[in-house]
Amino acid sequence: MASKLQQLQSQACQASKFVAKHGTAYYKQLLEQNKQYIQEPPTVEKCNELAKQLFYTRLASIPGRTESFWKELDYVKQLWKNRKELKVEDAGIAALFGMECFAWYCAGEIVGRGFTFTGYYV
């Protein structure tokens, strides 16, 4: 345990040195590349205003999202009712989508376990 702590401390020290050396150049480059997204004047008040705009815009989009959800659900219901007319291509796409969802689930589990395949650290 102590060796892992020392290893973690040395990695944190290396990371902080790297950030101290290259951080400002990266920061300036990032701002220059994305200057079209920067609101003037860049103040705390402007940030608070934009945060509120984002929040309420997302709230306002809920009815449209709900409507889209119900349309998609109706489409799936129609497919299920007419499943005898279902093409092999459509079934293959659905199977691939299911496998992709399962793969993302497995990847999330591995990340949650600390990037181990066997189990959680004790």
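Predicted model, so just to flag it, every value in this text is computed and none were measured. Computation of the quantities below employed the complete heavy-atom set of this structure, encompassing side-chain atoms and omitting hydrogens, waters and symmetry-equivalent molecules.
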Can you measure from [atom1] ([X]) to [atom2] ([Y]) and round to the nearest 0.5 angstrom?
{"X": "Leu73", "Y": "Gln78", "atom1": "CG", "atom2": "CD", "value": "11.0 Å"}
{"X": "Arg65", "Y": "Ser68", "atom1": "CZ", "atom2": "OG", "value": "9.5 Å"}
{"X": "Lys46", "Y": "Ile38", "atom1": "NZ", "atom2": "CD1", "value": "13.0 Å"}

Check your understanding: Just wondering, more than 12 heavy atoms not from Glu72 lying within 6.0 Å of its CD?
Key ->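 No, CD of Glu72 has 12 or fewer neighbouring heavy atoms, counting only those of other groups under 6.0 Å.
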Point to revise | Heavy-atom pair of closest approach, residues Gln7 and Ser10 | key: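 Gln7 and Ser10 have their closest heavy atoms at O-OG, 3.0 Å.
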Check your understanding: Among the clusters formed by ILVMFWY side chains lying less than 4.5 Å apart, do Tyr75 and Leu86 turn up in the same one?
Key ->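 Same hydrophobic cluster.
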Point to revise | Ile62 reachable from Tyr56 in the ILVMFWY side-chain graph, under 4.5 Å edges | key: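 Shared cluster, yes.
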Point to revise | Pairs satisfying salt bridge (charged side-chain N to carboxylate O under 4.0 Å, His left out), at least one member in residues 75-87, at least two apart | key: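 Applying salt bridge (charged side-chain N to carboxylate O under 4.0 Å, His left out) to every pair that reaches into residues 75-87, excluding sequence neighbours, yields nothing.
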N/O donor to acceptor pairs below 3.5 angstrom from side-chain atoms of residues 15-33, sequence neighbours left out:
from	atom 1	to	atom 2	distance (Å)
Ser16	OG	Ala12	O	3.4
Ser16	OG	Cys13	O	2.8
Glu32	OE2	Lys35	NZ	3.0

